[in-house]
Amino acid sequence: MVTTSVSAGFPSPAADDLEDEIDPIAWVVRHPTSTFWWRVEGNCLWDVGIRDGDLIAVDRAGKRRVGRAVLAVVDGAVTAKILRKRNDRYFLAPANTQEHFPDIELNEDSEIWGVIAGVVRRYPLE
């Protein structure tokens with residue numbers, strides 16, 4: 001794939017600024033042996049651009065930091081949320097100001113599987 005930057009605001013007259021070829025999957029996946037894909041169900045990460053039906057690349061080698069979108073297992077359920085910390089306790093928070101989703105407190109049995117490294121979305125063509 002050959003990429004060219006495209007303006008999402010005013011049209012750019014610089015159509016000759018072609019970049020080198022790029023593999024979109026390789027661009028998202030930095031650690032192939034520790035990255036896996038999940039399909040998103042729901043819109044609790046809407047405000048960070050992750051929508052129902054998207055595919056997310058989850059990197060187990062990614063740095064788990066407060067403020068990052070992560071995939072975690074809490075009480076046997078897999079969920080994607082934003083890692084937060086309050087009063088020395090970690091929890092998972094939604095990112096959707098239009099709907100109410102509860103915070104999920106992490107416990108000793110919780111496990112953060114990885115950091116969301118990228119998202120792939122398909123649009124209808126018909």
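No experiment lies behind these values; they were computed from the predicted model shown.
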* To do: Would you mind reporting whether Trp46 and Arg51 have side-chain heavy atoms less than 4.5 Å apart?
  => yes
* **Side-chain heavy-atom pair Val115, Arg64 within 4.5 angstrom cut-off** => yes
* Do the non-hydrogen side-chain atoms of Ile82 and Leu92 ever get within less than 4.5 Å of each other? -> no
* Between Gly118 and Val28, which heavy-atom pair has the shortest distance, and what is it? -> CA-CG1, 3.7 Å
* Structure fact -> CD1 (Ile116) and CG (Leu83) are apart, to the nearest 0.5 Å, by 11.5 Å
* Closest approach of Arg39 and Gly53, non-hydrogen atoms and distance? -> NH1-O, 3.0 Å
* Output yes when a side-chain donor or acceptor of Arg68 lies under 3.5 Å from a complementary backbone atom of Gly62, and no otherwise. => no
* Asked: What is the distance from atom CG of Leu106 to atom CG of Asp75, rounded to the nearest 0.5 Å?
  -> 10.0 Å
* Asked: With a 4.5 Å heavy-atom cut-off, do Trp38 and Val78 have their side chains touching?
  -> yes
* Asked: Counting heavy atoms not belonging to Trp37, are there more than 12 under 6.0 Å from its CH2?
  -> yes
* To the nearest 0.5 Å, tell me how far Cys44 SG sits from Asn96 CG. => 7.5 Å
* To do: Start with the C-alpha gap between Val74 and Phe91, add the side-chain angles, then the distance that decides, and say whether side-chain contact (heavy atoms from CB on, under 4.5 Å) holds.
  => CA-CA 10 Å; Val74 180; Phe91 64 98; over 6 Å; no
* Heavy-atom donor-acceptor pair, Arg121 side chain to Gly49 backbone, under 3.5 Å -> yes
* Asked: Looking only at heavy atoms, which two atoms of Tyr90 and Glu105 are closest? And how far apart?
  -> O-CG, 4.0 Å
* CD/Glu41: more than 12 non-hydrogen atoms of other groups inside 6.0 Å -> no
* Side chains of Ile104 and Lys81 in contact at under 4.5 Å (non-hydrogen atoms) -> yes
* **Heavy-atom pair with the smallest gap, counting every atom of Phe101 and Pro94** => O-CG, 3.2 Å
* Asked: Hey, any chance Val120 and Val40 share a hydrophobic cluster, counting ILVMFWY side chains that come within less than 4.5 Å of each other, even indirectly?
  -> no
* Structure fact -> Closest heavy-atom pair, Ile56 versus Ile50, reported as atoms and distance to 0.1 Å, is CG2-CG2, 4.0 Å
* Asked: If only atom types and distance count, is the side chain of Asn87 paired as donor or acceptor with the main-chain N or O of Arg89 below 3.5 Å?
  -> no
* **Atom of Asp52, atom of Gly42 and distance for their closest heavy-atom approach** => OD1-N, 2.6 Å
* Would a 4.5 Å heavy-atom cut-off, applied to side chains only, mark Arg60 and Phe36 as touching? -> yes
* Validation row: Asn43, Gln98 side chains within 4.5 angstrom (heavy atoms) -> no
* Asked: Is there a path of hydrophobic side-chain contacts, each under 4.5 Å between heavy atoms of I, L, V, M, F, W or Y residues, that connects Val58 with Trp27?
  -> no
